[in-house]
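Below: one structure, written as C-alpha cells.
Naming convention: chains lettered A, B, ... in sequence-line order (proteins, then strands); numbering from 1 in each chain. No experiment lies behind these values; they were computed from the predicted model shown.
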Amino acid sequence: MIHFLKKIIQSRKMSKQVIDQGAASSSQALLSRQLAHNVERLMQVFGASNDIVLREFSFGHEGKMQGAVLYVEGLANKLLINESLIKPLMYDIHIFEGRLEVTTLEAVKSCMISLGGVEEATTLESVVDACLSGDAVLIIQGFEKALVLNTKGWEDRGVEEPKTESVVRGPREGFTENLRINTSLLRRKIKNPNLTLEPLKIGKKTKTDVCMMYLKGVVNPRLVEEIRRRLNRIDTDAIMESGYIEQFIEDAPHSIFPTVANSEKPDVVAAKILEGRAAIIVDGTPFVLTVPMLFIENFQSAEDYYSRPYFASLIRMLRFGCYGITILAPAIYVALTTFHQELIPTPLLFTLASSREGVPFPAMLEALVMLVAFEILREAGIRLPRPVGSAISIVGALIIGESAVAAGLIGAPMVIVVALTAVSSFVVPAQTDSESILRYIFLFLAGVMGGFGVAVGMLGLFIHLAGLRSFGAPYLSPLAPLSVHDQKDVFIRAPLWAMLTRPRAIGWRDPEREHFRLEPSPPDKGGKSSK
Amino acid sequence: MIRTFTKNHIILSLKMIVCTFLIFNVTGCWSRQEVDSISIVMGIGLDIAENSEQVRFTAQVFKPVEQKEGGREGGGGEVSFWNVESSGETVSSAVQSALHEAPRELYFSHNQIVIFGQNLAKNGILPHMDFFVREHSNRLTIQVLVAKNQAGEILATPAHLEKMPALDMRDLIEAQTEVSQSGTVNLKQIMTRLMSTTTAPIAPLIEVSEQGSEQTVRLSGTAVFKKDKLVGELDQRETRGMLWVLGEVRRGVIEVACPESGGKVALITILSKPKVVPVEEHGKVKIIIDVKEEGILGSQSCPENFSSPEKNKQLEEMKADAIHQEIRKAITKAQELNADIFGFGDAVHRKYPKLWKQLEQDWDTIFPDMEIDLAVETIVRNEGRASEPLTEE
Amino acid sequence: MLMKIEKGTISSSQLLFLAAAFVQGAALVVAFAYVVTKHDVWIIIISGLAVTLPFLWGCVSLAKSFPGQNMVQIMESVYGTFLGKGLSILFISFPFQVISHNLRFIGDFFVIYMYPKTPLVVFLILFIAVCAWAVRSGIETIARIGLVTVAITIFIDVLTFFLLLGEMEATNFLPMFELSVGDFIQGTHIMFAIPYGELMIFLMIVPYVNKIKQAKSALLWGLTIGAATLLILVVRDIAALGSLANVLVAPSFEAVRLIDIAHVITRMELLVAIVLLITVFIKISVLYYASALGIAQIFGLRTYRPLVIPIAIFSVSFSMVIYDAAAEQMYVGANIWPVYSLLFYMLPVMTMLIAKFRRLPRAQEGVRP
C-alpha cells in the first residue's frame, strides 16, 4: 500500500519536473533582434487567450521603424497606452523630424514615451511576466531589449470601511485588494524614509506580489532576516490570500493558536510596524499579516488607544474575562452540575435541580447539542445573504431558546450558559477558531473528569501557550516570561504619555517611544506657565 | 525524511488519542452524578430507635418540583421536601440503608443542620459525630441542635417561610444573634469543644410547640454536655449569662424595672466584650471575668425621663446588675452540672501551660468550687429617637 | 566532551519563582507536621527555613564553583567517572521518589475530597501526562509557568486569609511554644526534609540560569517566599480551625470551606484545589525534569526526551504501590521519610567537602564552557 503511494508520488514528481523544464526552456530565452520572431514566440506562449492585445505598427522617419505593443486587456490602462505610447510614437514623433533622429531604443525611451515607469527587459520571461501584471511591452525591430511600461490599471474596489474590524472611534478606511493602494495607505500613516518595502514574488504559477514592510531602525534586523528566509522558502504553486503565506511561515503549524496576526485596518498595521513588527502585504487581499504575534494582541483593539485609558482598561479586562467565559463556561457548568454540586450555592442548586428535573439528556450531552446548534447557526448566518441571515437567527433563537426549554428537552440554565458563551466569543474575534475548539475540549474534559479535568486542561493549555514562539518572541510575553515594563499594555491600558517604551518582547532596537513628562496638565493658576 | 516524520506523528497521535479515550471510558461514570440523580440532604436527625440500640436516621431531602414554562408555576403550596428514615448500627450503615427507601443517593454537601434526639444525646454523641468529620462532603459549618424529644419529630414539623423545615431552622438559628438567648454552635465549634479535655460542649435546644392548630419549632435554651453526654440544660436567661462570658452576645434586650414608678425599661445591647483572665494564687486558680457592655434604650413603659446624666447612670447600674445576675446564674448552673461550658480550663491552659499539666487531671474537682470574680461595666449610649418619654401632660 | 542537553536558559527571576512555587507545592504536606507539633507548626516553618537557608547556600556555592555543570556532572568530576555515575544514580533516585510521593499525595487528595468513587490511577495518569508534556517542552516553558503559579497562589492564599478573618481566633495559638525539644527538632527536621530541602534538586537546573551570579540570591529568596506563603497558610488554618487542624487530613481545604460571608461568598474550596494542583504541578515538573535530565546525562544520551514517558510510567506504578492507604503516608511522612532522605541530603554536602579536599575545580578545568 505504502509502496504504491510512494510510486504515485514519485511519478508525480517526475512529471512535474518535465513540465517545469518545458516552461523554463520556452521563456527563459533571450529576446532576439527580429521583431517577428519575438512576436511569434510571445504568441506561442500566450496561445489563444483573447485578452492579449498585440498591436504592430510602424513609426519614425518615413515609418522606417517597426514596433509592437503587447498588453493584457483589462489589466492595462488602454487609454494610457493610446495617449502616452502609441500616439507619441505615431504622431508626435513628426515634431522632431529633422531635428532628432529617433532610431535607438534609448531615444524612444527618453524622448518619446510620456510615462512614469519605464524599464528594459531582455528575456522573454520578464516580458511575459510584465504583460501579465498589467504592464504594456514595447518591442522594436532590431533591438534585443523590450521596454516595459507601467500602465497598470484595472477595476478596483475603493477604500472602504472594513467589515471585520469596525470601530466607533478611529479611522474607517480599510485595506483593499490592491497591493499598491495598501502600501500607499501605510505610507500615508508613516511618512518616514525608513519605512522600507521589500518586494517579492511568490507562487510558481500565480507569481503573486508580496511585500514586506518595516520601519528600519525600529525593527530588529534579525526578525527581517528571519521573515525573508521563511518567505523565500515558500515554493508553492499559488498564493491566493495572505492565509496561504501565513500557513507557510507560521511557527507552530500544529497549534490551534495563530502565531501570525492579520488586520484589515491600516492604522492597526501602522501601529504594529511602529512597535517594531514587520508587515507582510499580499496582493489580492485586504488582510495584511503582521509578525511577531503575541497572545495579548488578541485582546488589544485599536480603539483602546483612541479612547481614554480608564474605560479602555475596563474593556480590556472584560475581554480577558470573556475569553475565559467563552472557552470555559459550558465546561464549568457541566463540571459543577455533574461533579461538584457542593460548590453551587444552595438556593441555586434548588433552581438547577428543579430545571433539570425531566430533562432526558445528561448535562454534557445537553451542552454539546446546544453548542453544535450554535455553531450551525453562526455558520449559516455568515454564509447566507444578509437578509436571510437575520431570519436564521430568529428561527434559531425561537426554536432552540424557547421551544427546546418548553418541550423539556433542554434545561433553561443551559440555554443561558450557551448564550453567554456565544455572545462572549464575539468579544475576542481574533481567536474565534481556537475558542471553538477549546470549548469542546474543555467540555469533554469536564464531562468525564469534572473540575480536575478542566484544571488539567487549563494547565495543558498554559504549557502549550508558554511553549509557543512567534518569530522568536515568546507567545505569552509579556506575561510569561514576565516583563514588568510591558504590563502597561496588558490588563490595563496605561495612558499614552506613560507608555514610554516600545514593547520589549518584540525585540525592538530603538526603545524610546516618547519623552517622559508628557502628561498633560493645566497651566498653573499663578499664570507663571502662560509664557 | 519529512514524510517519515509525519507518518510517525500520525501513528503516535492516533495511539495517544486511542489511549486517552480508553482512560476516559474507564473513568466514565464513577464520580459523575447529575443534579437530578441525587437527593440533596438539607437536614439530618439522629435518634435512638425504639426498642433497639440502633440509630434511627432521618434525612430531609429536597424534592425538586418540575418547572414547566420556565418556572412560572412550581413553588406554590406544594411540599418540596421528603423525610427519609432508616436505621442502622452506625450512622454510615443507616445512611446506606436509607437507600432501601430513597431512590436517589443521599448527597450531604448542602446539609444545613444536624439534630440529635435527647435520648441519643444522653448516651453520648461522639460515636455519631465521627461520620460528620470523616465523610468528605460534610462541612464544618453545619449547625448542630439537640431536640427536646425526638429529632425526627422536629424535622417533620412543617416550615412556614422557607421551602423546607431544615432551611427554616437554619434561618432561625441565624436570627438568634438578635436575641442571644440560645447558644448556637456549628460542627466546628462543637468538635473543638469535644476535643478539648475540659470544655463542655453546648448546643441549642429545639422543641415543637403547638400554637393552636399550628405546629412550629422553637428554640428553648441550651443543652449542656459533659464530655459527649447530655447532662442538663440552661434556660434562656442562663444561656445569655453564658454568652456574655463567651462574648457571643451580639444583640439582646435587658429589662429592668423603672426605679421610681411601676413599669419596665427595655435596654438593647449593641456591643459586648468579655475578658476572662485566670489568675494563679498559691497553686489555686481563680477566674476574673470582666464584661463590658454598650447599649441603647429601646423602649420604656413608665413616664420617667432618663435623659439626665444621673438617671442614665442609674440605668447603667441597673443594667450591670441584671447582667451580673444572669452571669452568676449561668456560673452556678455550670458548676452544679460540673460542666465547664465557659472554657475556663482552656483559658488556664493558655496562660499557665505548666500549671495546667497538674490541674488537668483534677479539673472535675476544681471547677465546681472554683472562685470566680465578676465585674460588669455598662454604658447606655443614647435614648433612641425620642429624647423624652411620652407622657400625658 | 561536555554535552549540553538543555539548550534553553532561564532568568534568575524565573528561578526565584520556580523555587517559590516548588516550596508552595508543599501546602498540604505541612499536615505531616501538625501531628508532631500541633498548633505550633508556624514555629517549625520558620526554624526549618533557618536550617535550610545555609544548606541551600552551600548547594548553590557548589554549583557556582563548577560553572555550567549540574549535579550529575559535578559528581563525575569530583568522584571520577565510575563512582560519580554510581552516586549520580543515587542522587537521581531522590527526585524520582519524591515525584511518586507527591503524585500519590495529590491523587489521594482528589479522591478523598472530590471524587470518592473514582480510582486513584486515573488522577495519577492524567496528572503525570500534563507534567510529561511540560517536561518535554523544556525548562523554559516550566519556568514561564512558575511566575503565574506563584502569583495565583499568593493571591488566593491572601484572599482566603482575609475572608476567613471572621472565623479566626488568636487564642488558638496559645499557649505558645508548648512543644518539647524533641518535637521541635523532629518538626524542624520534617520541614527541612520534606518541603524545603527538596530544593536541592535545583542543582540540576542552576547551570541553565543566564546570570549565574544572581542564582544564589534567587534561590534563597524563592525559598523564603515559598516559606512565607506556607506561613500564611498555616497561620490561617490554625487560627480558623484551632485544635481541629491537628486531626484533619487537609486543614487548608477545611479552613477555606468555613468561608461563608452572607451565604454569597462561600463554597470556595475549589480555589484551594486549584492552587494545590498548579503548585504540585510545578513541583513535580521540576523534579521530573531533573530526573529525566540526570538519567540522560548519566547514560550519555543526546536528549532526555525519550526518557520522559518511561519515567512517567515508572512513577505512576511506583506511587500506586508505595502505600496501602493515605494514613500510612501521614506516618511515613512524619516519621520515616525525614530520616531516610538524609541519605540523599548528604550527597551535596559530601561532594562539597571532597571537592574542597581535592581542591576541585582546578583552575584549568574550571573555565570549561
Is there a side-chain contact between [X] and [Y] in this structure, where contact means two heavy atoms from C-beta onward sitting under 4.5 Å apart?
X	Y	answer
B:Tyr107	A:Glu342	yes
B:Glu34	A:Val359	no
B:Met42	A:Thr346	yes
B:Leu167	A:Phe350	yes

- Would you indicate whether A:Arg228, at its atom CZ, is surrounded by more than 12 heavy atoms from other residues, nucleotides or ligands within a distance under 6.0 Å? yes
- Query: Does atom CE of B:Met195 have more than 12 heavy-atom neighbours from other groups under 6.0 Å away?
  - Reply: yes
So OG of B:Ser37 and CD of A:Gln341: to nearest 0.5 Å the spacing works out to 7.5 Å
To the nearest 0.5 Å, atom CD1 of B:Ile38 lies from atom CG of A:Leu349 at 6.0 Å
Residues of residues 360-371 of chain A with a heavy atom under 4.5 Å from any heavy atom of chain B, in residue-number order, are A:Pro362, A:Ala363
Shortest non-hydrogen pair, B:Ile40 vs A:Ala353, comes out as CD1-CB, 4.2 Å
| said: Checking the side chain of B:His110 only, and the main-chain atoms of A:Leu343 only, is there a donor and an acceptor separated by less than 3.5 Å? | reply: no
